[in-house]
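Numbered from 1 within each chain, the chains take letters A, B, ... in sequence-line order. Just the heavy atoms: all of them, side chains too, but no hydrogens, waters or symmetry mates, feed the values below.
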Amino acid sequence: MLTKATFCAHQPMQLSRCLSNALARQTACPSVLQNPPKSDTLRSGGCLREALLEMAIQGPEMVFAGYVTLLDECVDKRALRGGQRVHAHMIKTCYLPPIYLWTRLIVFYTKLGLLGDARRVLDEMPLRNVVSWTAMISAYSQKGYASEALDLFQQMLRSETEPNEFTFATILATCTGMSGFQLGWQVHSLVIKNNYESHIFVGSSLLDMYAKAGKIHEAREVFECLPERDVVSCTAIISGYAQLGIDEEAIELFSRLQREGMDPNYVTYASVLTALSGLAALNHGRQVHGHVLRREVPFYVVLQNSLIDMYSKCGSVTYARRVFNSMSERTVITWNAMLVGYSKHGMGRQVVELFEFMRKEKKVKPDSVTLLAVLSGCSHGGLEERGLQLYREIINGEHGVQPEMEHYGCVIDMLGRAGQLQEAFEHIQQMPFEPTPAIWGSLLGACRVHSNVDIGELVGRKLLELEPENAGNYVILSNLYATAGRWEDVRNLRHLMKEKAVIKEPGRSWVELDQVLHTFHASDRFHPRRGEVFEKVKDLSLKIKALGYVPELSCALYDVDDEQKEKILLGHSEKLALAFGLMASAEGVPVRVIKNLRICVDCHNFAKFVSKLYAREISLRDKNRFHHIVNGICTCGDYW
DNA sequence: GTAGGGTTAG
């Protein structure tokens, strides 16, 4: 028999421990789980009833505190049934439960992933405050229900509840996932109105929203106006630059902020590594890796994933694999990063082997990116048969992944590579998607390689209609006309290009030497040693001509005579970077050139001859993949 | 009781 005296001797915490054990036992019983909660259950629940009774003796406040403790324990133990019992008990016995108790129930249900139940609590509670609204909005947002979150936010505003810093941080993160920034912009004005712009959480959410919408200047402005900064806001702006491919700025900002006292954490390093992957700055990447090891930054999977990506995009799949092998825990992204690495290097066999290993291990389920990486690996690695077989398996639903546009894109690429242009064309028309310019572009590239003017012209014209502003399409179609000797068409195309005022992203290439990136533009006017470099390119050209190199004049798009065209070609940024790499590095050392666009046919040829002449390994990373050239032969098989 | 930054693909 329990007496009041013994109850008072208990602390609520001790009580709840006894309770949670009982609740955990009850949750484990499947027959209880299958039954909907009934108030009767509480009567026979024993331990719970006694504990609550015990607390009730200490007055209503203690009951509320008891409920809170219980709900916390239920969240920790993921005891759904227990929480439901507390909920039922609260409804039955409490007269006017306070708002915070209702809110705790919302949190309990959202943490167990039961958004519907949480929403029911919100709808049923007699009074709501900013915390209860925000808890529900945040749950919707985090589970990916952006429109529900926004809808609720609007309801909250209509109910004349003032949003607080939590609400704004949450709703801005929700806007980040939406297309465009119109909505985020409107929320921004609300933020200003409510005077939360300088709040560090709201500020970082706000700048992240702008950065992810591509508005990096706005993001930077928010960042610069923050009265205080912490590692999260700093990381947000750095990763903003990195994700938009403004890699140099990301690195510079990182160095500056670090000098100013920012203490980077594993997320910061992951973002910095992304920027270094973009620049293919292997030595910088190694340095960051060393730094991370020395500082004993915890090796979270995310950081290791970005190390794998950095090493493979910087040309070292061996190092990437070393990191991969060292990991005790791998996520699907780990596997994907490694597969993509092999794929970009044209290592088809390794892609297929790793994929088989992944399937055999069965710890991680392949997703659509995995299959994309394997398909693209087969395509770039000369395993078209295996790739087509995998494609058929995907279509038949054998991999449990819905085929997407990109998967079809890979197949078009494979058919094109195999010279089956008609099949590729038909395949595009039979796809269950409206073909994107990228799909047509891939076929156009295939037509150029196989000199198929008939299909190429059809595809090229379609592309010019779809994206008249993309200079690349004009270039390839013009190449194609040139190979067929259709000079009149080449001229017309050039006029059309002028008329549409097509702006071509300026091509640039770079080499990394002694931790310095040397960047070259076409017919460079900036690099201090450009004079020597031009001479070197001319010299190389003369020497390889003796070996059989013939400039591919169709790669020069200007309406000038052949001599001028050759001069233009010799000024291409990748040739300058290659020549500089040869000049500035020791004999026999491989030269690694990186280009921001796709490498042109003439430069590819040029590099092949140079690798033969100097017995040097040349690796060229372009927008799509790596070209490893040894003794005049490239791993891409002259198709890219 | 409620909140912000991160890794693969395109």
Side-chain angles (χ1 to χ4, degrees), chain A residues 64 68 71-72 75 98-108 110-111 128-139 141-142 156 163-174 176 196 199-209 211-212 219 222-223 226 229-240 242-243 264-274 277 300-310 312-313 320 323 330-341 343-344 366-376 404-407 409-410 436 438-439 624:
Chain A
F64 299 151
V68 169
L71 283 172
D72 280 349
V75 169
I99 300 183
Y100 73 80
L101 199 49
W102 288 104
T103 309
R104 281 295 187 124
L105 274 174
I106 295 179
V107 174
F108 164 75
T110 58
K111 292 215 168 137
R128 284 166 278 271
N129 66 8
V130 59
V131 184
S132 38
W133 284 106
T134 307
M136 193 66 231
I137 293 171
S138 155
S141 177
Q142 282 175 10
M156 171 186 173
N164 66 9
E165 64 272 33
F166 288 77
T167 326
F168 281 121
T170 305
I171 209 67
L172 283 165
T174 316
T176 302
Y196 282 115
H199 188 279
I200 192 150
F201 276 48
V202 179
S204 25
S205 212
L206 189 58
L207 81 87
D208 188 53
M209 183 274 294
K212 295 226 167 74
V222 174
F223 178 74
L226 280 177
R229 294 167 181 167
D230 66 0
V231 64
V232 175
S233 50
C234 290
T235 306
I237 189 73
I238 292 169
S239 89
Q243 279 163 9
N265 64 16
Y266 79 103
V267 182
T268 325
Y269 286 116
S271 303
V272 168
L273 287 168
T274 303
S277 306
Y300 294 118
V301 183
V302 170
L303 179 53
Q304 289 179 304
N305 290 348
S306 51
L307 278 170
I308 293 179
D309 184 53
M310 181 276 291
S312 70
K313 288 203 179 130
V323 175
R330 301 185 184 112
T331 62
V332 69
I333 294 181
T334 316
W335 291 92
N336 293 352
M338 196 64 236
L339 287 165
V340 168
S343 165
K344 294 226 182 227
D367 67 4
S368 78
V369 178
T370 318
L371 299 175
L372 197 60
V374 182
L375 281 175
S376 133
E404 291 159 16
M405 175 66 83
E406 288 77 12
H407 298 106
C410 275
T436 57
I439 297 261
N624 288 338

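- There is no side-chain donor-acceptor pair under 3.5 Å between A/Thr268 and A/Ser271.
- Nucleic acid contact class of A/Leu172 (heavy atoms, under 4.0 Å, all strands): none.
- Neither side chain, A/Asp309 nor A/Ser306, offers a donor N or O lying under 3.5 Å from an acceptor on the other.
- Stacking between A/Tyr100 and the base of B/dG1 is absent under the criterion of ring centres within 5.5 Å and planes under 30 degrees.
- Using modelled atom types and a 3.5 Å distance limit, the side chains of A/Ser141 and A/Thr174 yield a donor-acceptor pair.
- Nucleotide B/dT2 holds its P atom 11 Å from the CD1 atom of A/Ile106, rounded to whole Å.
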What one-letter contact string describes nucleotides 5-10 of chain B from 5' to 3', where B marks a base within less than 4.0 Å of any protein heavy atom, S marks contact via sugar-phosphate atoms alone, and - marks no contact? BBBBBS
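- Separating the OH atom of A/Tyr196 from the C1' atom of B/dT2 is a distance of 12 Å, rounded to the nearest angstrom.
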Take A/Arg104 and A/Asp72, measure what side-chain contact (heavy atoms from CB on, under 4.5 Å) needs, and give me the verdict at the end. CA-CA 8 Å; A/Arg104 281 295 187 124; A/Asp72 280 349; 2.5 Å; yes
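- At whole-Å resolution of the value, CZ in A/Phe108 and C1' in B/dT2 are 18 Å apart.
- The separation between A/Phe168 atom CZ and B/dG4 atom P is 15 Å, rounded to whole Å.
- Following rounding to the nearest Å, A/Met136 (CE) and B/dG1 (P) show an atom-to-atom distance of 19 Å.
- We find that CH2 of A/Trp133 is positioned 18 Å from C1' of B/dA3, with the value rounded to whole Å.
- Side-chain contact check for A/Asn336 and A/Asn305: no donor-acceptor pair (N or O, by modelled atom type) lies under 3.5 Å.
- Listed by chain and residue number, nothing satisfies the side chain to side chain donor-acceptor pair (under 3.5 Å) test with A/Ser138 (two or more places apart in sequence, or in another chain).
- Test A/Val267, A/Val272, A/Asp208 against A/Thr235 for side chain to side chain contact (heavy atoms under 4.5 Å, CB included) and you get one pass: A/Val267.
- Across all strands, A/Ile200 comes closer than 4.0 Å to base atoms (heavy-atom distances).
- Rounded to a whole Å, the CZ atom of A/Arg104 is 5 Å from the C1' atom of B/dG1.
- In this entry the distance linking CG of A/Leu105 with P of B/dG1 reads 14 Å, nearest Å.
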